[in-house]
Amino acid sequence: MAKVLSSRKEDYAQWYNDLVIKAGLAENSAVRGCMVIKPYGYAIWEKMQSVLDRMFKDTGHSNAYFPLFIPKSFLSREADHVEGFAKECAVVTHYRLKNSPSGKGIEVDETARLEEELIIRPTSETIIWNTYKNWIQSYRDLPLLINQWANVVRWEMRTRLFLRTTEFLWQEGHTAHATKDEAMEETMKILDIYAKFAKNWMAMPVIQGTKTENERFAGAVETYSIEALMQDGKALQSGTSHFLGQNFAKAFDVTFLNREGKLEYVWATSWGVSTRLMGALIMAHSDDKGLILPPRLAPIQVAIVPIYKKAGELEMISAKVEEITRKLTANGITVKYDDRDTHKPGWKFAEYELKGVPVRLAIGPRDLEKGTIELARRDTLEKNVYPVEGIENRIKELLDEIQETIYRKALDFREANTFRADSYNEFKEKVETKGGFILAHWDGTSETEQKISNETRATIRCIPLESEKEEGKCMVTGKPSSQRVIFAKAY
RNA sequence: CGGGGUGUGGCGCAGUUGGCUAGCGCACUUGCAUGGGGUGCAAGGGGUCGGAAGUUCGAGUCUUCUCACCCCGACCA
C-alpha cells in the first residue's frame, strides 16, 4: 500500500498535518494563517454545530448575531480584557480603495480614513454588553440567554490547521443574570454540556476544572475548561466557560431594577467552543491509516463498495445495494454507495480508511451467490462476512459499539498517561520522558506556576473539579496544598 | 520579532558543483486490458523555473535586491 501519511511515531505534527490535508478536511489558504475548511471537514463541523445548537436551545438559549466589527473604544472599556487581546487584534482603518496613480493595481485611499478604527472581533463581549445595556432594565428582562455562531480573528504568530488559525469559527454564549448564584450555575451548566458533548458525541474523555489566574480568560472572574489529552501526550483545551462576575456590567454600565426597586449590576457568563474541536477529534482517535471518526459525528457512517468485473454484475450488485441502503437509511444511518468505475476497490478501501468512515461494506458476485456481505470496521480494522439478511441491525449495533470502543480506548490512553509526581525532580522527569497529565501539589501562586512553566514548559491545565482533596506540599516551595492540580504540556 | 529552510507543470521533487534542446514520480486526458486491499500497458496535454535588476554570446543555474510560504522559539482557544 502506498504510504500517504507520516506515522505518529515518526513525526506527530507532520502526521496531523498530512491527515488534515489528505483526508480532505482543510487546507492552507492564500491568506497567511487562515484555512479553507473543505466540504468533508465542514460536514463534521456542521454535525457538531447542530448537536451543540440543540443542547443550547434545550437549555433555554436563543441564537442572535452581532457585528464583526467592534469600535476600538469598546475594547478598552474593561481593563483586563483589553490587556488580554490588544496584542492580537486586526484593525480596520480605511473604507475605500482607489486606482494607483501609476495605473497598475489599487491602493488604500488615504483620504478615506475612519474616524474611529474598527477592530475585527477577537470575541464579542464588548459589543454585546454595549447592546445588552439597552435590552436590560428590570429583573423581568433576566436571565438573558444568547448564543451566536460566528467567526472571530486573533492575530496569532504561529498557526496550525484547526488547532490555531488566525480566523476561526466558534459559538460564543453571552448570558446576563440577576444573581451571582444564577450566573455561576449557568457557567457550570454549560461546562457540563461541553463535557457531555465531548464524551457522548466526540467519544473524547475530558477533565473539567478551574483555570489558574495565569490561564484565565481576560476579564473573567473565573474560567472553567474541559481538557483533553491527545495521543502525543499533550493537552488540548477544548472548551471554556467563564463566570464574568459584574466586570462587563460595570464596564458597560448594565444595570437592572430588582424586585425591591433597587438598581444592581447584572451578573454575566460567556462560553465557547471552536473549530479547534476538529483538531481534538482528529488527534483523539486517528491512527497511521487515517482518521477514525466517532459514528455519531461521521458525515458518512457506512460506505459500500461494489466489486465486479462486468457491467452486468454491477447492475445486480447495485440492485442489492439499493435494497440494503434503503434499510440502513430507514434506521437513520448515513450511507454512501461508491459505484465509481474510476477507482478500484482497493483504492476505495484505503480512501474510506483515510477518511475515517466507521463501517465499510464490500459486496461482489461471490456474496450475491451466497447472500452475504463483507463488513469492515474502521476502529479495529476487523473484517467479517455476514448474511445480508438483517445486516442493518448488525450495523446499527456496531455503530454504537464503535462509538463506545473508541471512547474506551481514548479513556484507557488517558489513564495510562496520567501520572502523579511528589517531588519537583520526579515531576521534571515525568514531563520530560512521559508527557501526559501529571498530578502534583502546587502552592496556588502565579509565581510558582510561572517558574514551573519556564523550567519545564508544562503548565497547569486546570484544577480538577472532581478529585479527592488531599493534603500535601507544593513540590516546588513546600507550602501547603489541599489538592493536586493537573499539569501538562499543552497545545 | 529572533533562528533555520524552501520557492521549477495541479501536487511532490531532481537539475545549481560543471552555463547552451527543462526532466522525473504522482495526478490529469484517451484507448485496451484489469477489478475481493492504493491496477497494468500504450499514447497524449500541461511549466517564460516566485518577482525585479544585473553579469554574459548565452542564466533554472552566477551577483544584488525583493516577495512569499514552511519549520523551530516568545504569544495564544
Side-chain angles (χ1 to χ4, degrees), chain A residues 1-5 11 13-14 17-18 21-22 27-34 83-89 122-123 151-172 194 211 214-218 220 223-228 235-242 270-280 289-290 305-311 313-314 317 338-355 360-370 372-376 381 383 385 453-454 457 459 461 490-491:
Chain A
M1 191 184 101
K3 201 173 124 178
V4 179
L5 302 174
D11 187 343
Q14 192 60 44
N17 252 328
D18 287 353
I21 290 163
K22 298 281 171 51
E27 62 188 33
N28 284 305
S29 70
V31 184
R32 180 199 183 93
C34 295
E83 169 85 12
F85 286 103
K87 284 170 290 183
E88 51 186 28
C89 287
T123 178
N151 58 339
V152 288
V153 166
R154 295 182 187 174
W155 213 263
E156 302 291 351
M157 293 173 188
R158 248 167 87 46
T159 59
R160 294 194 60 194
L161 293 167
F162 289 120
L163 297 173
R164 177 168 300 107
T165 46
T166 299
E167 178 191 15
F168 58 95
L169 305 183
W170 76 346
Q171 57 71 213
E172 48 180 324
Y194 289 161
K211 284 295 193 181
N214 286 350
E215 303 272 329
R216 194 179 292 154
F217 174 73
T223 290
Y224 297 87
S225 73
I226 53 170
E227 301 284 333
L236 185 71
Q237 177 177 305
S238 306
T240 48
S241 184
H242 314 289
S270 71
W271 27 275
V273 292
S274 71
T275 36
R276 179 177 243 206
L277 286 180
M278 293 286 295
K289 283 180 178 294
V305 177
I307 291 155
Y308 62 95
K309 290 184 183 157
K310 300 177 218 62
E313 284 176 355
L314 177 59
I317 292 166
D338 188 351
D339 62 351
R340 286 177 297 175
D341 192 37
T342 48
H343 295 288
K344 291 197 16 163
W347 190 94
K348 293 176 185 173
F349 294 167
E351 180 73 2
Y352 290 115
E353 275 160 16
L354 183 59
K355 294 204 153 193
R360 185 185 73 234
L361 298 174
I363 180 164
R366 294 207 298 261
D367 294 304
L368 285 188
E369 264 175 45
K370 289 186 275 185
T372 58
I373 194 160
E374 183 190 85
L375 185 157
L381 297 167
K383 279 202 297 201
V385 175
S453 154
N454 290 343
R457 296 193 49 217
T459 51
R461 298 327 303 150
Y491 275 95

* To do: Pull out every stem in RNA chain B, meaning runs of 3 or more consecutive Watson-Crick or G-U wobble pairs with both distances under 3.5 Å.
  =>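 The stems that RNA chain B takes part in, listed by first number, are B:1-7 with B:67-73, B:10-13 with B:23-26, B:28-33 with B:39-44, B:50-54 with B:62-66.
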#### Entry: Carboxylate-amine/guanidinium proximity below 4.0 Å for A:E351 and A:K348
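A:K348 and A:E351: not salt-bridged.
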Assert: residue with more 5' nearest nucleotide on RNA chain B, out of A:A13 and A:L236, is A:A13
Sorted by position of nearest nucleotide on RNA chain B, 5' first, the leading residue of A:N17 and A:E167 is A:N17
Touch class at under 4.0 angstrom, heavy-atom based, for [X] against every strand present:
{"X": "A:E156", "result": "base"}
{"X": "A:R360", "result": "base"}
{"X": "A:S274", "result": "base"}
{"X": "A:F168", "result": "base"}
{"X": "A:K22", "result": "nothing"}
{"X": "A:T275", "result": "nothing"}

Results of salt bridge (charged side-chain N to carboxylate O under 4.0 Å, His left out) for A:R340 - residues two or more places apart only: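 With sequence neighbours excluded, A:R340 shows a salt bridge (charged side-chain N to carboxylate O under 4.0 Å, His left out) to A:D338, given in chain and number order.
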The salt bridge (charged side-chain N to carboxylate O under 4.0 Å, His left out) partners of A:E27 (sequence neighbours excluded) come to A:K38
Side chain of [X] only, heavy atoms from C-beta on: which candidate in [options] is closest?
{"X": "A:W347", "options": "B:rG36, B:rA77, B:rU39", "value": "B:rU39"}
{"X": "A:P345", "options": "B:rG35, B:rG38, B:rA77", "value": "B:rG35"}
{"X": "A:R154", "options": "B:rC75, B:rA77, B:rG36", "value": "B:rA77"}
{"X": "A:E374", "options": "B:rG36, B:rA74, B:rG37", "value": "B:rG36"}
{"X": "A:N28", "options": "B:rC70, B:rG36, B:rG38", "value": "B:rC70"}
{"X": "A:L354", "options": "B:rG38, B:rG36, B:rA77", "value": "B:rG38"}

How close or far is atom [atom2] of [N] from atom [atom1] of [X], stated in whole angstroms?
{"X": "A:M157", "N": "B:rC75", "atom1": "CE", "atom2": "P", "result": "9 Å"}
{"X": "A:I21", "N": "B:rG10", "atom1": "CD1", "atom2": "P", "result": "18 Å"}
{"X": "A:D341", "N": "B:rU39", "atom1": "CG", "atom2": "P", "result": "13 Å"}
{"X": "A:L368", "N": "B:rG36", "atom1": "CG", "atom2": "C1'", "result": "13 Å"}
{"X": "A:K211", "N": "B:rA77", "atom1": "NZ", "atom2": "P", "result": "8 Å"}
{"X": "A:K348", "N": "B:rG35", "atom1": "NZ", "atom2": "C1'", "result": "10 Å"}
{"X": "A:N214", "N": "B:rC75", "atom1": "CG", "atom2": "P", "result": "11 Å"}
{"X": "A:D338", "N": "B:rG36", "atom1": "CG", "atom2": "P", "result": "14 Å"}

Considering only the [atom1] atoms, how many Å lie between [N] and [M], rounded to the nearest integer?
{"N": "B:rG60", "M": "B:rG9", "atom1": "P", "value": "14 Å"}
{"N": "B:rA52", "M": "B:rG25", "atom1": "C1'", "value": "33 Å"}
{"N": "B:rU63", "M": "B:rU16", "atom1": "P", "value": "15 Å"}
{"N": "B:rC11", "M": "B:rC28", "atom1": "C1'", "value": "12 Å"}
{"N": "B:rG50", "M": "B:rU34", "atom1": "P", "value": "45 Å"}
{"N": "B:rA14", "M": "B:rU8", "atom1": "P", "value": "10 Å"}
{"N": "B:rC62", "M": "B:rG47", "atom1": "C1'", "value": "23 Å"}
{"N": "B:rU17", "M": "B:rA53", "atom1": "P", "value": "23 Å"}

- After noting the C-alpha distance and the side-chain angles of A:F217 and A:F85, does the key distance pass the ring pair (Phe, Tyr, Trp, His ring centres under 6.0 Å) rule? CA-CA 10 Å; A:F217 174 73; A:F85 286 103; 5.8 Å; yes
Applying ring-ring contact (aromatic ring centres under 6.0 Å, His included) to A:F168 and not counting sequence neighbours gives A:W170
With sequence neighbours left out, the residues meeting ring-ring contact (aromatic ring centres under 6.0 Å, His included) with A:Y491 are none
- Hey, is the side chain of A:R32 poking within less than 4.0 Å of OP1 or OP2 on B:rC69, counting only N and O atoms?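 For B:rC69, OP1 or OP2 has a side-chain N or O of A:R32 closer than 4.0 Å.
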Between B:rG36 and A:K344, is there an OP1 or OP2 to side-chain N/O distance shorter than 4.0 Å?
->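 The answer is yes; a side-chain N or O of A:K344 sits under 4.0 Å from OP1 or OP2.
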Judged by atom type as modelled, is there a donor-acceptor pair below 3.5 Å linking the side chain of A:Y194 to the main-chain atoms of A:G272?
yes
Discussion item. Could you check whether any side-chain N or O of A:K211 sits under 3.5 Å from a backbone N or O of A:R461, counting only pairs where one atom can act as donor and the other as acceptor?
Written reply: yes
B:rG37 base / A:K289 side chain donor-acceptor hit below 3.5 Å
no
* Asked: Has the side chain of A:R457 got a donor or acceptor atom sitting under 3.5 Å from an opposite partner on the base of B:rG73?
  ->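 Result: no qualifying N/O pair found.
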Sorted by chain and number, sequence neighbours left out, side-chain contact (heavy atoms from CB on, under 4.5 Å) with A:D18 holds for A:L5, A:S6, A:Q14
Check: Are A:V273 and A:Q171 close enough that some pair of their side-chain heavy atoms sits under 4.5 Å apart?
Finding: yes
